[in-house]
Amino acid sequence: MQEASPFSSLERTISFARDLWFNNSPIRAWLDAFSAHRHIGIAISRAPTELISDLCQFGAKYRKKFGFEFFTTTDARHSHKILEEVKARCENNILVELDFAAREEFYFIERGLTKLWERLSQEELQEETEDLGELVPDSLEEKLVPSNNSDEVVWTGDKATMRNYDLNKTPDENQIE
């Protein structure tokens, strides 16, 4: 990705990453990425007592069958959903589970790229703002005056009559000249 960058848009970045992940990454790269997760461990630490044993049992069964830790995009606070999911995914064969896990992992990749893009865009915007130079005050002076419970703004510049106009009053009450 670094060699192909910079990208013109977040969509282009994600499209390139998707192609790289699903079509050009070796299975070993997938397995390395999968092994970095401890999702089931987090779910176990947050689970109600009655679910802990089953989560441990099915987490171990999954790890033994597939050779990597179970992980999911399901929020770790929903341990009952994770238990249902790990039970169901233990029934998959290795090819189905590799595909499923690769798609789950890409969700995390996409989310990370989105956060990175947003941060870099914010930094770029800040740099562009700093490059504009010093801001000079406008030649027309604006003065906000609190009014008596209306949404009236008083302007002390050129066209004061238009700036004083209160939409909650009739033209006669506004005394337009």
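None of these values were measured; they are calculated from a predicted model.
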Please tell me if the side chains of [X] and [Y] come closer than 4.5 Å, counting only heavy atoms from C-beta onward.
{"X": "K81", "Y": "T72", "value": "no"}
{"X": "K87", "Y": "C90", "value": "no"}
{"X": "E85", "Y": "F70", "value": "yes"}
{"X": "I44", "Y": "S79", "value": "no"}
{"X": "I94", "Y": "L98", "value": "yes"}
{"X": "R119", "Y": "E123", "value": "yes"}

Give me the ring orientation class for W30 and F34: parallel if the planes are under 30° apart, tilted from 30 to 60°, perpendicular past 60°.
tilted
Between F68 and Y62, what is the ring plane arrangement, given parallel below 30°, perpendicular above 60°, and tilted in between?
perpendicular
How is the hydrophobic cluster of L120 composed, in terms of its other members, when Ile, Leu, Val, Met, Phe, Trp and Tyr link through side-chain heavy atoms under 4.5 Å apart, directly or indirectly?
L116
For residues E69 and S35, is any side-chain donor paired with an opposing acceptor at under 3.5 Å?
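The answer is no; no qualifying pair exists.
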Taking atom types as modelled, is there a side-chain donor on H37 or E104 under 3.5 Å from an acceptor on the other?
no
Can [Y] be reached from [X] by stepping across I, L, V, M, F, W or Y side chains whose heavy atoms are under 4.5 Å apart?
{"X": "I40", "Y": "I42", "answer": "no"}
{"X": "I109", "Y": "F7", "answer": "yes"}
{"X": "F100", "Y": "F106", "answer": "no"}
{"X": "F71", "Y": "V96", "answer": "no"}
{"X": "F16", "Y": "Y107", "answer": "yes"}

Once rounded to the nearest 0.5 Å, what's the spacing between atom CD1 of I82 and atom OG1 of T73?
9.5 Å
Output the distance between atom CD (E118) and atom CG (L10), rounded to the nearest 0.5 Å.
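Here the rounded value is 7.5 Å.
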Taking the six-membered ring of F66 as reference, does the cationic atom of R89 (NZ for Lys, CZ for Arg) lie under 6.0 Å from its centre and within 45° of its axis?
no
W117 and I14: CA distance, side-chain angles, deciding distance, side-chain contact (heavy atoms from CB on, under 4.5 Å) verdict:
CA-CA 10 Å; W117 186 271; I14 290 172; over 6 Å; no
Criterion side-chain contact (heavy atoms from CB on, under 4.5 Å) on K115 and R111, from CA distance to verdict:
CA-CA 6 Å; K115 287 179 181 178; R111 195 171 78 187; 4.3 Å; yes
Partner set under salt bridge (charged side-chain N to carboxylate O under 4.0 Å, His left out) for D75, not counting sequence neighbours:
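Residues passing salt bridge (charged side-chain N to carboxylate O under 4.0 Å, His left out) with D75: R77.
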Does any N or O in the side chain of T13 come within less than 3.5 Å of the main-chain N or O of S9, such that one atom is a donor and the other an acceptor?
yes
Check step by step if side-chain contact (heavy atoms from CB on, under 4.5 Å) holds for N23 and R18.
CA-CA 8 Å; N23 300 321; R18 182 178 291 111; over 6 Å; no
